[in-house]
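Each chain gets a letter, A, B and so on, in the order its sequence line appears, and its residues count up from 1. Just the heavy atoms: all of them, side chains too, but no hydrogens, waters or symmetry mates, feed the values below.
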Number of protein chains: 4
Amino acid sequence: MATTAAVRDDEPATKFAKDQLKSIIERIERLEEEKKAISDDIRDVYAESKGNGYDVKALRTIVRMRKQDPNERAEAETILETYMQALGML
Amino acid sequence: MATTAAVRDDEPATKFAKDQLKSIIERIERLEEEKKAISDDIRDVYAESKGNGYDVKALRTIVRMRKQDPNERAEAETILETYMQALGML
Amino acid sequence: MATTAAVRDDEPATKFAKDQLKSIIERIERLEEEKKAISDDIRDVYAESKGNGYDVKALRTIVRMRKQDPNERAEAETILETYMQALGML
Amino acid sequence: MATTAAVRDDEPATKFAKDQLKSIIERIERLEEEKKAISDDIRDVYAESKGNGYDVKALRTIVRMRKQDPNERAEAETILETYMQALGML
DNA sequence: ACTCCAATACTTTAGC
DNA sequence: GCTAAAGTATTGGAGT
């Protein structure tokens, strides 16, 4: 295998392989840090909104609904109502 | 309430309140898009690594371990060892 | 500390303490086994229902809804609709 | 439609279908009650242990470890150690 | 298409 | 009471 060879199996643990592994891990760690920073930002927006009197749970529901495909949502709604009907919940 | 008033309670649904709500939702949606982009990047790194012969599960374990170690280890370790000792797990 | 003393701190690791610790762990493990068995049963019911043509997601929603307090549910619904209204989703 | 037919599609909502749906929901609800009862028991054991001076967090860790060990350890361990070796974590 | 597992979101509990 | 942490449940993606 030309290009690479992994840190695996019976292969000698070459310095190159080590560096490649290290590089992978560090790339992921950097990306996860960025991801965490954004998660924190999202949390902050919700917290701030709550401070301004908004209902966080409802906000989350809105965000979730807007993400869904309108068709799928309608279809799910129909089934749900059928079941609720059958159970006397409507 | 001085500054604004939310879309809530018995308050008239002012255009201002609507705009504020819309703004909150859109900020969150923008952040979630960024977050998703990064999640995809992370996924890509794993997929590419797998293509180069790495064991993805092990990579994930490494990442997790490096994240957890600095935080807790030393603290819990002591009590834990006492208990493990008592249970013959050591 | 009347009755016993735990496996902790500077106390000598008495045989009694060991046995008590072991007993606690085993009680929990037994309970967790039972709990897992029930979780599996629930999973089975859903799987079987799916095989009979039911929509599992909708079934889960029904179960969740029936668990909720009707008043709270109604209230949450109201807020949600206010927000949806303000965002032109209704 | 020999055996049953679910509360679904264009089918007339027969009493039978309703009963079957109701039966499914109630079976799940009963199982979830049992499950909750056991969860509560587990909680009680931890609470009682805490009252006797045990460190709950450590107890949970022990339980978790004893659960995981037999399953995976040996398998993942090998690859993992190779990687950790390469990263200077060992 | 279906099963399985990892990741996310939600809920509840403990601690300040 | 609120923030932080755990546990639990649901969702989404990967593999077969």
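Checked by atom type and distance alone, the side chain of C:S23 never pairs as donor or acceptor with a backbone atom of C:D19 at under 3.5 Å.
Side-chain contact between A:K18 and D:L87 is absent, with no heavy-atom pair separated by less than 4.5 Å. Contact annotation: the side chain of A:I24 never approaches that of B:N52 to less than 4.5 Å [non-hydrogen atoms, C-beta and beyond]. Contact check for C:V63 versus C:Y46: side-chain heavy atoms found under the 4.5 Å cut-off.
Distance CD (C:Q68) to C1' (E:dT12): 15 Å, rounded to an integer number of Å. For the pair D:D41 CG and F:dG7 P, the computed distance is 17 Å after rounding to whole Å. At whole-Å resolution of the value, CG in C:L59 and P in F:dA9 are 17 Å apart. Between the CD atom of D:E32 and the P atom of E:dT11 there is a distance of 14 Å, rounded to whole Å. Atoms NZ (A:K67) and P (F:dT11) sit 12 Å apart, rounded to a whole Å. The separation between C:D69 atom CG and E:dT11 atom P is 14 Å, rounded to whole Å. Rounded to an integer number of Å, the gap from CD1 of B:I42 to P of E:dA6 is 16 Å. Remark: P of F:dT3 and CD of A:E48 are 14 Å apart, rounded to the nearest angstrom.
Side-chain proximity of B:K50 to the nucleotides F:dA14, F:dT8, E:dA9 is greatest for F:dA14. Comparing E:dC10, F:dT8, E:dT8 against the side chain of A:R64 picks out E:dC10 as the nearest.
Two residues, D:D40 and B:Y46, neighbour DNA chain E, and the one matched to the more 5' nucleotide by heavy-atom proximity is B:Y46. Toward the 5' end of DNA chain F, the nearer of the two residues C:S39 and B:K36, judged by each one's closest nucleotide, is C:S39.
Remark: C:E75 CD is loosely packed, at most 12 non-hydrogen atoms of other residues, nucleotides or ligands lying under 6.0 Å away.
In this structure, A:K57 reaches the E:dT11 phosphate: one of its side-chain N or O atoms is under 4.0 Å from OP1 or OP2. D:R60 has a side-chain polar atom (N or O) that falls below the 4.0 Å cut-off from OP1 or OP2 of F:dG7. Checking the phosphate oxygens (OP1, OP2) of F:dG12, no side-chain nitrogen or oxygen of B:R43 falls inside 4.0 Å.
The residue B:K35 sits close only to the backbone: its heavy atoms come under 4.0 Å of sugar-phosphate atoms, none of a base.
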